[in-house]
Amino acid sequence: MSNNTSTTQTWLPFALAGLAASLVGIGLARFAYTPLLPTLIEAGWFAEITAIYLGAANLAGYLAGALGGKWLATHFAPHRLLRFMMLLAVVSFFACMQPVSFVWFFVWRFLAGVSGGVLMVMAAATVLPHVPASKRGLAGGIIFTGVGLGIALSGTLVPALIHIGVMETWAGLGIISLILSLAAWRYWPMTDGPAQTPPTTHARRSAFSPAFSSLYVVYALAAVGMVAHMVFLVDYAARELKLGIAVGSGYWVIFGIGAALGPLAAGKIADRIGFRATLRIFLFVQSLAVALTVAGSSHLTLSLSSFLVGALVPGIVPLIVGRAHQMSGTDAALQRSAWSYATVGFSVGQAGAAYAFSYIYEITGHYDVLFQISAAAIALAFVIDMLTPAPKEQT
């Protein structure tokens, strides 16, 4: 018992630092914009379509961060890079306190996305090697619970702060992010230099085997399927369904509650039945949950869809991380490469869908078609994973 407690005390602070990173870089820096979107439009900060495209700027930045994170990891000590990226997210909140111009806002929303992309690539990759293999599902769940906590926090905090003012809302998000960044400051695993070296030719080649490539495609399609809820849920309920901002924000709170529970549930289930089986269950349920949004507009249907998709959005992340580690065996370079490529695939799916969905909305003026496309994308991801033969795992 004492040995188990000692082991937990060794890795748990690292996992909690990872939780803070995902909370700031993804949970707040990205998802706080969703309940803010209708308010920015109604307050006259930006025109409707401009505000929607600004929401996509963060996802484009996330792609840049995911692409650059792997390179940065070979040039900078992880704990310094993680600290800097959390502070970049903090600065982006304060920079958005005034609608200076579209370009100004776009740049800072883009940089907030960059910080989220790097944190997503680096936090788990830095922490998980310090966690016993039997606890990696749980540790991954803890790290990515920060996404859900950030969503839940934004769903409750943003509507409260908006009554004071839009500027004060951005400032409040910045202050909370600064506190979390400072709290995590001294709990990252320390190294004197870059912890990662460029991957070997073997690792790069193995990372693009059919099994790994299938995993990246599945993750990218899952990302496409998440965008409608992540970016448009509140505005869909508030303005298209004419339920009002308060009701729309309420669905975002429900989404956040699900998101706070999803990663831990995914990690615990995966530790019991395996990462691949759990991933398939999550994909199947998510396709149905997204479809519920347009199957009916009752409070029960929208609440159930919000909760389930909320749980599955961050819940899939530890499953992909764990699956990539499991398929890589003891090859650390292959583990890092696979997770990095998976994150890039995810960010390509997100950014591409965000801009495509914004354009489709500009043409049609309706959100329901976006939810239909999302459900179809996740269903396709499920089919592809089912058709992919089990790989010969590395040793």
Side-chain angles (χ1 to χ4, degrees), residues 11 15 18 66-67 69-70 73-74 120-144 195-223 262-263 265-284 286 312 314-349 378 380-395:
W11 63 262
L67 287 169
K70 194 163 178 286
T74 65
M120 183 62 79
V121 169
M122 287 295 300
T126 301
V127 170
L128 290 180
H130 299 271
V131 179
S134 63
K135 298 295 182 182
R136 283 179 183 163
L138 175 60
I142 291 172
I143 293 170
F144 298 112
Q196 299 183 17
T197 57
T200 63
T201 302
H202 169 73
R204 285 195 296 267
R205 187 182 301 117
S206 298
F208 283 102
S209 67
F212 277 108
S213 298
S214 174
L215 187 68
Y216 310 151
V217 171
V218 165
Y219 200 28
L221 286 169
K268 292 292 286 184
I269 295 170
D271 282 338
R272 286 182 173 271
I273 68 172
F275 288 101
R276 192 176 199 193
T278 309
L279 176 61
R280 288 177 172 178
I281 292 171
F282 269 51
L283 290 171
F284 181 76
Q286 188 176 356
L312 298 165
I316 196 175
V317 183
L319 300 180
I320 298 293
V321 174
R323 185 69 185 137
H325 275 242
Q326 186 181 62
M327 291 164 60
S328 303
T330 58
D331 190 335
L334 180 56
Q335 290 175 5
R336 293 193 299 268
S337 294
W339 172 233
S340 178
Y341 293 137
T343 303
V344 169
F346 183 87
S347 53
V348 167
I378 301 168
L380 179 59
F382 173 79
V383 171
I384 289 174
D385 192 68
M386 290 294 294
L387 294 177
T388 302
K392 181 180 179 181
E393 295 174 4
Q394 304 290 319
T395 57

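Below, all heavy atoms of this structure are taken into account, side chains as well, without hydrogens, waters or symmetry copies. Keep in mind that this is a model prediction, so the values were computed, not measured.
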Contacts of Asp385 that satisfy side chain to side chain donor-acceptor pair (under 3.5 Å) - sequence neighbours left out: Arg280
Contacts of type ring pair (Phe, Tyr, Trp, His ring centres under 6.0 Å), residue Phe275, not counting sequence neighbours: none
With Phe282 via ring pair (Phe, Tyr, Trp, His ring centres under 6.0 Å) - residues at least two apart: none
Let me confirm one number: the [atom1]-[atom2] distance from [X] to [Y], rounded to the nearest 0.5 Å.
| X | Y | atom1 | atom2 | result |
| --- | --- | --- | --- | --- |
| Ile384 | Ser213 | CD1 | OG | 11.5 Å |
| Phe284 | Leu312 | CZ | CG | 12.5 Å |
| Gln286 | Ile281 | CD | CD1 | 13.5 Å |
| Leu215 | Arg323 | CG | CZ | 7.5 Å |
| Met327 | Ser214 | CE | OG | 8.0 Å |

Determine the minimum heavy-atom distance between [X] and [Y], stating which atoms define it.
| X | Y | result |
| --- | --- | --- |
| Ala222 | Ile316 | CB-CD1, 3.7 Å |
| Ala342 | Ile320 | CB-CG2, 4.0 Å |
| Phe346 | Ala223 | O-CB, 3.2 Å |
| Pro318 | Pro314 | CD-O, 3.1 Å |
| Ala270 | Leu319 | CB-CD2, 3.8 Å |
| Ala324 | Ala338 | CB-CB, 4.0 Å |

Using a 4.5 Å cut-off on heavy atoms from C-beta on, say whether the side chain of Val317 contacts that of Met120. yes
Side chain to side chain contact (heavy atoms under 4.5 Å, CB included) evaluation trace for Thr388 with Val218: CA-CA 10 Å; Thr388 302; Val218 165; 5.8 Å; no
Test side chain to side chain contact (heavy atoms under 4.5 Å, CB included) on Ile378 and Leu221; report intermediate values, then the result. CA-CA 6 Å; Ile378 301 168; Leu221 286 169; over 6 Å; no
